[in-house]
Amino acid sequence: MAQFTGTSTTMNAAAGADFHAYILNTHVGTVQLFGSLRRSSGSEREGVDISRIESEKLVVIGMIRGSLKFRTGSLSGVLNPGDVLVVNSKHPLVTASLGPIETLGLAVPLDDVANDARITVSDRAVRLPETALTAAFLAFIGRYLVEATSGTGGGRRSPASTEPALHDLLRAVLAQVTLPALTPAQHSLRMKEAVRELIEKYHVIQGFDADSIARALHISRRKLYRDLADEADGIAGLIAARRVQSAAALLVEQPQLSLSDVSAAAGFGDATTMRRHFLTRLGMTPADYRKERA
């Protein structure tokens with residue numbers, strides 16, 4: 001961190017060792033900034049599951065010193081000084097290191113940087129190119145962290161102006177990434193997978209619909225319907241089918257729930273709507289379904 005401040009402060013030192021360490025963490029609106037300098041032993045293996053983050057986010061991890069092995073999905077490799085990794089928080093990230101390592105980074109909700117659906121629906125992490133812009137991005141994070149946590153300059157800056165600046169910087173560095181071009185078939189498959197993941201996650205929320213999916217994927221409703229034109233059920237049908245599955249499970253597993261409670265818990269607006277979908281898809285009413293499986 002000395003390159004950002006000109007000094008180094010011992011915040012936590014191992015007994016009998018000349019070792020400086022720190023952990024910094026601060027929030028600027030919805031953006032979380034973090035940095036650390038730590039040491040791990042040769043036999044230690046550390047794992048970080050960023051999929052535990054409550055809301056879906058883009059997580060950026062930059063290496064300042066040391067080397068960090070990582071694995072996320074099918075991608076694995078080593079981050080060395082100057083390397084920056086961007087990963088979607090819905091994918092587990094496991095890391096392992098030897099010796100002292102220093103990292104900087106941030107985590108930002110996807111909805112706040114809704115300019116790159118490629119990253120949103122990507123099943124793999126991406127590396128940022130080693131450019132002056134990427135270096136400036138890391139330098140800004142480092143300087144702001146130090147100033148905000150030490151009460152010097154950053155703590156006096158308004159989050160209202162700093163948060164948009166962080167968003168713009170992140171968009172700019174992401175714009176440097178050139179992902180392999182997808183064939184129409186690959187794009188269609190990626191989009192369907194993303195839609196099904198969203199339906200699985202949010203179908204129990206009343207009001208969740210095609211517009212909700214389009215907003216989450218940062219595309220227009222028209223493009224969404226065009227990309228899923230070959231789905232026989234259509235988007236509304238996919239959502240309804242998943243809600244029927246949830247309602248059917250609740251009817252059997254929680255017999256104390258009323259039909260109205262089941263319909264609300266499964267994402268249907270009311271018991272009448274749930275009844276209509278049960279008749280269409282299962283050929284029986286929710287009450288008959290429950291009796292048959294009692």
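Keep in mind that what you see is a predicted model, and the values were worked out from it rather than measured. Atom set for the values below is all heavy atoms of this structure, side chains included, hydrogens, waters and symmetry mates excluded.
Interatomic distance, I141 CD1 to L166 CG, rounded to the nearest 0.5 Å: 7.0 Å. Taken to the nearest 0.5 Å, the CG atom of L224 stands 3.5 Å off from the CD1 atom of I235. One finds the NE2 atom of H167 at 11.0 Å from the OG1 atom of T162 (value rounded to the nearest 0.5 Å). Here CD of E163 is found 11.0 Å from CG of D168. Values are rounded to the nearest 0.5 Å. Atom CZ of F140 sits about 8.0 Å away from atom CG of L33, to the nearest 0.5 Å. Distance check, rounded to the nearest 0.5 Å: CD1 of I64 to CG of L104 gives 4.0 Å.
Using a 4.5 Å cut-off on side-chain heavy atoms (C-beta onward), I219 and M191 make contact. Contact of the T134 side chain with the E130 side chain is not registered, since no non-hydrogen atoms from C-beta on lie closer than 4.5 Å. In this structure, the side chains of E231 and V195 stay at 4.5 Å or more apart for every pair of heavy atoms. Side-chain contact between R242 and S246 is present, with heavy atoms from C-beta onward closer than 4.5 Å. By the 4.5 Å heavy-atom criterion applied to side chains, T103 and M63 are counted as neighbours. Within the 4.5 Å cutoff, the side chain of I23 has no heavy atoms near those of the R38 side chain. Between F137 and V60 the shortest side-chain heavy-atom distance falls below 4.5 Å. Here the side chains of L251 and F278 are in contact, with some heavy-atom distance below 4.5 Å.
No more than 12 heavy atoms of other residues, nucleotides or ligands lie within 6.0 Å of CZ in R275, so this atom counts as exposed by the packing criterion. Enclosure of atom CZ in R293 by more than 12 non-hydrogen atoms of other residues, nucleotides or ligands within 6.0 angstrom is indicated.
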Between H277 and R243, is the side-chain contact (heavy atoms from CB on, under 4.5 Å) condition met? List the steps. CA-CA 9 Å; H277 284 292; R243 284 173 172 162; over 6 Å; no
Please step through side-chain contact (heavy atoms from CB on, under 4.5 Å) for the pair V262 and R290, ending with a clear verdict. CA-CA 11 Å; V262 170; R290 172 176 271 173; 4.0 Å; yes
Stepwise side-chain contact (heavy atoms from CB on, under 4.5 Å) test for L217 and L198: CA-CA 9 Å; L217 296 178; L198 288 169; 3.8 Å; yes
side-chain contact (heavy atoms from CB on, under 4.5 Å) assessment of T285 paired with L259: CA-CA 10 Å; T285 67; L259 295 182; over 6 Å; no
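Remark: the backbone N or O of R190 is not paired with any side-chain donor or acceptor of E193 at under 3.5 angstrom. Panel note: side chain T280, backbone R276; a donor-acceptor pair is recorded below 3.5 Å.
Contact record, D83 with V78: OD2-O, 3.8 Å, taken as the closest heavy-atom pair. The minimum heavy-atom distance linking F268 with T273 is given by the pair CD2-CG2, 4.0 Å. Here the closest non-hydrogen pair linking L37 and E102 is CD1-CB, 3.8 Å. Residues D233 and A241 come closest through the heavy atom pair OD2-CB, 4.5 Å.
We find that D209 and R221 are not joined by a salt bridge, their nearest charged nitrogen and carboxylate oxygen being 4.0 Å or further apart.
Between Y202 and F208, the ring planes lie tilted relative to each other; the angle falls in the 30° to 60° range.
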